[in-house]
Amino acid sequence: MAAEEAPAEVPAEGEEVAETVEVVLPPPCMDLSEFPPKIDFFDNMVAIDEKAEKVEGANNFRKVSGFPIFGSGQTTEDGFLKVLDKVKALHGEEATEKLLWFNMRKEPVVYINGSPYAPRNPEDLHRNLDVSFSAEELDNLEVHYANILKEQAAKEQTIKTFKDQAFAENPMDREAVEDVVKVESVKGLHEIHANLRENGFPNLETFRIPVTEERSAGEACFDRMIEALKNEPASTPCVFSDQMGRGRTTSGMVTACLIKEIQITSELRKMEDIDLVSKSTVDDLIHQKFEGVLPKCQDDDDPFIKGEFDVIKELLEKIPATMEGKRKIDHIIDMCGPIPKGTGLQNLRECIIETKWKYDVATEDKQVAWKALILNFMERYFYLICFATYALEHGPSGYQKAFTSWMDDHKDLRTMIEEGKDKLEWYRTVDAQKLEHLKDLINAPNYKENLGVLIRTIYDFAFVTYADLPRGAIKNNSMRRLAATTLMEILPPDIAERVNKKMEEDPSNSHDFLSLVGLVSYYGSGEEH
């Protein structure tokens, strides 16, 4: 399992037979022998706009407008070739000369019968591996895992695998289904890449940027992307991928767009400095290429949609240069996000408050996972602003200073985001005076006559509390839940006891606000029916 034999060549007649050379792998950084493979595909995985051009075998494939930057979910074995052919068709000679593919995953990827699988912890099948090893160690681990599955397939001809029933953003909502696969072929990702280089793409260069799912890229990951891109022409096409092609892929695409934009604008400014092109012409070119007005959306003026969170405002106040960094990265984030502003899957800024809205209406057990996502998204956005600020300062001179060194110079920023990422209103503050008014209404002897006023007042109370949420299902569900919670909170003890008893008798019922109103009216008289 620890060694791969090099393919033997048949010697010509009369030649001496050379000794077989074994390539001995370094030991793996962890033992994956008991980690079952889980297929990367699941129902409802395609989240790209339905009008977007589809590439077979490459879910959520897209291109950033105005940049040679592409994104995709993990492709099938055939899908790799279709993506490269698509990029080549769009970019011609540039794609023939060199094409860069960035694998944004930490977890190893192995292909069984042409489809991608990744190992999962048997005690946590719903999450991709979160491990802390170098890219080189992970590449080696990937080869070892492919060998583990090859040995298993050779012995049993089948492999037990798992699959997610459907996409669920919250890991607690995911359901894994077991599937025994009859094995026809097992290939490591390194073998797929080698085959592509031998079959029409000799100049394909691949990079692993190990990022944890739904997390920020580490500081060293930003430096790896800079090293890969800083000496490449801005026209060199780049493909980014992870399992679904969502958060990690989008982070890579945003970073690459910024690096390429700074390359182009720096060259234009150099032409301006030697009077080859006038300043006004350069300004116009930069504005048209990189600063065009994007379509307006209904909630654009919402402070949280704009990323105005407490920890972000603290960052802007401490380092004024981050204001331009935020402005620049926000524009690119929008271009890499969903329609109508972009062509992608996830807006890396807006997803923070959108996930917070989901947290607000979730049950307490599921709020734990939503909160973890929110904190991760906040940290990711914070680091993107920091990186943009660094890149605008050091990019024009060729990145003589690494991002990790820049962060060392501003090490208090690490503490700032660690301590400040949860500075959000996790529990809705309610108007105590209005709550007392509601209690007075329901404690009145004739409260049933006031029931209409009571219902309307509670709805008004819920509407004001969630006034910041945009119209839609999340807002409606939030209001209904708060209305039900408020009604239960203000009930007199004797009525509350009877209503709770009835609810316990029928635990399968959802007991929404209107059904609670019915129970209060029915049992509130104190008579048993």
Side-chain angles (χ1 to χ4, degrees), residues 38 40-41 45 47-48 58-64 67-76 79-80 83-84 87 99-111 116-119 127-139 141-142 188-190 192-193 204-229 232 236-260 329 332-333 336-337 342-348 351 373 376-377 379-381 383-384 387 403:
K38 188 174 185 180
D40 279 338
F41 300 148
M45 182 178 182
I48 202 77
N59 290 322
N60 298 318
F61 177 82
R62 72 272 193 190
K63 176 183 181 295
V64 183
F67 289 89
I69 305 293
F70 301 82
S72 173
Q74 192 71 44
T75 69
T76 62
F80 263 112
V83 167
L84 295 178
V87 173
L99 194 151
L100 310 183
W101 194 302
F102 292 84
N103 170 18
M104 303 297 292
R105 305 180 72 169
K106 277 188 174 181
E107 59 275 14
V109 179
V110 174
Y111 280 74
Y117 289 74
R127 291 178 174 87
N128 277 306
L129 296 184
D130 183 6
V131 291
S132 298
F133 300 110
S134 69
E136 293 72 25
E137 288 174 314
L138 292 171
D139 286 341
L141 181 64
E142 194 166 67
L189 185 58
H190 61 291
I192 304 292
H193 291 161
L204 171 67
E205 291 191 16
T206 57
F207 303 86
R208 182 189 291 275
I209 310 295
V211 181
T212 302
E213 187 177 21
E214 308 291 13
R215 295 290 300 272
S216 171
E219 294 169 19
C221 289
F222 284 107
D223 282 334
R224 286 179 68 85
M225 282 188 274
I226 288 172
E227 287 302 311
L229 292 170
E232 293 292 335
T236 300
C238 302
V239 182
F240 291 82
S241 65
D242 64 63
Q243 181 189 354
M244 186 177 174
R246 197 161 172 259
R248 292 179 286 185
T249 290
T250 304
S251 295
M253 296 170 76
V254 167
T255 303
C257 285
L258 177 64
I259 293 171
K260 288 182 178 291
I329 207 69
I332 296 175
I333 284 173
C336 293
T343 56
L345 271 67
Q346 184 182 51
N347 186 296
L348 300 184
C351 68
L373 279 176
N376 289 341
F377 292 165
E379 183 177 59
R380 182 173 64 186
Y381 181 49
Y383 269 99
L384 284 170
F387 177 76
F403 179 55

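Here the structure is a predicted model, which means the values were calculated and not measured.
A perpendicular orientation is assigned to the rings of His193 and Phe80, their planes being inclined by more than 60° (bins at 30° and 60°). In this structure, Phe70 and Phe61 have parallel ring planes: the angle between them is below the 30° cut-off, well short of the 60° mark.
Considering CD of Glu107 and CZ of Arg127, their distance stands at 13.5 Å, rounded to 0.5 Å.
In this structure a side-chain-to-backbone donor-acceptor pair under 3.5 Å is present from Asn60 to Met244. In this structure, the side chain of Thr343 engages the main chain of Lys63 through a donor-acceptor pair within 3.5 Å. For Asp242 (side chain) and Arg105 (main-chain N/O), no donor-acceptor pair under 3.5 Å exists by modelled atom type.
Here the closest non-hydrogen pair linking Lys260 and Cys238 is CE-SG, 3.7 Å. For the residue pair Val239 and Val87, the shortest heavy atom distance occurs at CG2-CG2, 4.1 Å. Pairing each heavy atom of Cys336 with each of Cys257, the nearest pair is SG-SG, 4.1 Å. Minimum interatomic distance between Ala217 and Phe222 (heavy atoms only, all atoms of both residues): O-CE1, 3.4 Å. Residues Gln243 and Arg248 approach most closely at N-NH2, 4.1 Å, considering heavy atoms. The minimum heavy-atom distance between Pro119 and Pro108, with the atom names listed, is CD-O, 3.3 Å.
Considering only heavy atoms from C-beta on, Arg380 stays 4.5 Å or farther from Thr250 through its side chain. In this structure, Leu84 and Trp101 have side chains that are in contact, with non-hydrogen atoms separated by less than 4.5 Å. When side chains are defined from C-beta on, Arg62 counts as touching Leu345, because their heavy atoms get closer than 4.5 Å. Taking 4.5 Å as the limit, some side-chain heavy atom of Gln346 sits within range of a side-chain heavy atom of Phe377. Under the 4.5 Å side-chain criterion, counting only non-hydrogen atoms from C-beta, Ser241 is not in contact with Thr75. Counting heavy atoms from C-beta on, the side chains of Ile332 and Thr255 never come closer than 4.5 Å. In this structure, Asp40 and Asn59 have side chains that are not in contact, with every pair of non-hydrogen atoms separated by 4.5 Å or more.
The ring-ring contact (aromatic ring centres under 6.0 Å, His included) test applied to Phe207 returns Phe102, not counting sequence neighbours. Contacts of Tyr111 classified as ring-ring contact (aromatic ring centres under 6.0 Å, His included), with partners at least two apart in sequence or in another chain: none. The side chain to side chain donor-acceptor pair (under 3.5 Å) search around Asn103 returns none, not counting sequence neighbours.
In this structure, Glu213 does not pair ionically with Lys106, as no charged nitrogen and carboxylate oxygen lie closer than 4.0 Å.
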